[in-house]
Amino acid sequence: MEQDSPTAKDLLETAISLLRNQVLPNTPAAQKLNLLMISNAMAIAAREFRGSIELEVAAMSDLKRLYPNKMRDDFAELSANLSTDIRFGKFDDSDSVYSVLLDNTRRRLKISNPRHLRSSESK
Amino acid sequence: MGLEKLSGFLSEKAQADCCRITQYKKMSGGAIQENYALDVIFDGGLLSGAHELVLRTDAPSVVEVSHTRAQEFELLREAYEAGVVVPEPLWVCLDSSVFERHFYIMRRVKGVAEGHILVKDEAVKTNAEGLLEHLGGQLAKIHSITPGSHSFGFLEIPDPTPATAGVEFFRECLDRLPGAYPSIEWGLRWLELNAPEHVTLVLNHRDYRIGNLMLDNGVLTGILDWEFADWSDYHEDIGWFCARCWRFGKISLEAGGIGSREAFYRGYSEVSGRSIDPVQTFYWEVFAHMRWAVIAIQQGERHVSGGEQSLHLALTGRVCAELEWELLRMTDPKNKQRG
């Protein structure tokens, strides 16, 4: 089966490049903040296109590791279980739960703000 | 909107023969409140002559935890009386027929109150340490208002402590939102287990950061946005000001992204006579990230739920990942040594 080319991700990335390199420098100051927000939103969307499936699979795998006896692969349900268990102290000082949370947040941050992650991990 | 009624209100309050509004313009910023710049000329009365004023009113979409304009006016007036550098509050209006919403009038102060700009401002950089001492001293003046010296009918004493009441409030906020937030819950559990037992209650501004301080050529001209002020331990404002999430990218400048903690602490202690406990300050820096994270989730949800479609709100929702990241780094179970 054919897939249209260029892909949606490619289109987004090309549009961002045009926006940042050619449109933004010639934009009146009053509209610059809006344009920066648009470009940031598009960049997040492009990274999410690239990494969302990997993120979902990894997060699900982590949750199943914490709850091996749960029969259903329901992400929302497992995530809610984890939240409740943390709230009521079941995982106080648990290194394994902490690692799961840190890994999942790192993957999300790679999409939402990779610059913050790089700056944070370099220190 | 016709301005005749507003003009009449201003004339009456200033006991003027008449007043002319020569400029009326919405100011930038303000997701929760709206500010309008007013240039006014009074003929006769208490303020005869030309004045630059601000009318502050609610934005159409109100956040439930913020105070009303009448309450904010009362806080601003008490801060002004305590010698805090704030725009002088003049009059409050609770008659909705004048401007459709309640509002108050204060003097307009000059300067810039945008964190991203101020942390790069040459005048700020040149005198950062002196400015921080002054800002520490100003915070101490705000904190001179205590439950023993003042009572505000709309502020309750936190029970049993500001930290535990905060944790309970955040959990209630999360429970009203769709979805689950395990990393936030992790941070909340840490805040619950590490809540300070010793509390010194003072009036906290609760949004004391560079983005809410009007600076003109490196000089403080007004502390703005009193809508979240409340009783809390004095370390809460110090933690909020120094929290990494409020350094506007200047991570190594730990006091607000403009300079050293030492200068800020020195200015605070000189005026207040209080010492600053690093363990408590660290606790309130974790709390600051939590509070901002919960607000970010709520802002994102305002967009997602269709209540108010806005790219600004949507992007604020995506800030949550970096706040959770910092929360987790600060609450690593391997790192029992805080700070």
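Just the heavy atoms: all of them, side chains too, but no hydrogens, waters or symmetry mates, feed the values below. Here the structure is a predicted model, which is why all the values come from computation and not from measurement. Below, chain A is the first sequence line, B the second, and so on; all start at residue 1.
Environment of CD in A:Glu77: crowded, with over 12 heavy atoms of neighbouring residues, nucleotides or ligands closer than 6.0 Å. At most 12 non-hydrogen atoms from other residues, nucleotides or ligands lie less than 6.0 angstrom from CG of A:Asp4. For B:Lys125, the NZ atom sits in a packed shell: over 12 heavy atoms of surrounding residues, nucleotides or ligands are nearer than 6.0 Å. With a 6.0 Å radius and a threshold of 12 heavy atoms from other residues, nucleotides or ligands, A:Asp10 has its CG atom above the threshold. Annotation for B:Gln23: atom CD counts as buried by contact number, over 12 foreign heavy atoms lying within 6.0 Å. In the displayed structure, B:Glu197 atom CD is contacted under 6.0 Å by at most 12 heavy atoms of other residues, nucleotides or ligands. Applying the 6.0 Å contact sphere to CD of A:Glu54 captures no more than 12 heavy atoms from other residues, nucleotides or ligands.
For the atom pair CG of A:Asp92 and CH2 of B:Trp190, the computed distance is 13.0 Å after rounding to the nearest 0.5 Å. The line from CZ of A:Arg87 to CG of B:Asp175 is 4.0 Å long, rounded to the nearest 0.5 Å. In this structure, CG on B:Asp332 lies 10.0 Å from CG on A:Asp93, to the nearest 0.5 angstrom. The structure places CG of B:Leu315 at 6.5 Å from CE of A:Met37, a figure rounded to the nearest 0.5 Å.
Using modelled atom types, no side-chain atom of A:Tyr98 and backbone atom of B:Thr331 make a donor-acceptor pair closer than 3.5 Å.
For the pair A:Asp95 and B:Lys334, the tightest heavy-atom approach, listed with the atom from each and the gap, is OD1-CG, 4.1 Å. Taking all atoms of both residues into account, the shortest heavy-atom contact from B:Glu322 to A:Asn113 is OE1-ND2, 2.7 Å. The two residues A:Thr105 and B:Ser183 have their closest heavy-atom pair at OG1-OG, 3.3 Å. Nearest heavy atoms, A:Ser94 versus B:Pro333: O-CG, 4.4 Å. When all heavy atoms are compared, the tightest approach of B:Glu326 to A:His116 is OE2-NE2, 2.8 Å. Annotation for A:Ser83 and B:Ala180: closest pair OG-CB, 3.5 Å, computed over non-hydrogen atoms.
Heavy-atom distances place both the backbone and the side chain of A:Arg106 under 4.5 Å from chain B. B:Ile184 does not touch chain A: none of its heavy atoms, backbone or side chain, sits under 4.5 Å away. Heavy-atom distances place the side chain of A:Ile44, and not its backbone, under 4.5 Å from chain B. Contact of A:Glu48 with chain B is made through the side chain alone, with heavy-atom distances under 4.5 Å.
In this structure, A:Leu101 and B:Glu324 have side chains that are not in contact, with every pair of non-hydrogen atoms separated by 4.5 Å or more. Counting heavy atoms from C-beta outward, B:Trp325 and A:Glu121 have side chains that approach closer than 4.5 Å.
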Let me have the donor-acceptor pairs involving side chains of residues 111-124 of chain B, under 3.5 Å, with sequence neighbours excluded, atom names and distances please.
| unit_1 | atom_1 | unit_2 | atom_2 | d |
| --- | --- | --- | --- | --- |
| B:Asp121 | OD1 | B:Ala123 | N | 2.9 |
| B:Asp121 | OD1 | B:Val124 | N | 3.1 |

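Contact count against chain B (heavy-atom pairs under 4.5 Å) is highest for A:Leu109 among A:Leu109, A:Thr84, A:Asn81.
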Start with the C-alpha gap between B:Arg318 and A:Ile111, add the side-chain angles, then the distance that decides, and say whether side-chain contact (heavy atoms from CB on, under 4.5 Å) holds.
CA-CA 10 Å; B:Arg318 294 299 289 244; A:Ile111 291 172; 3.5 Å; yes
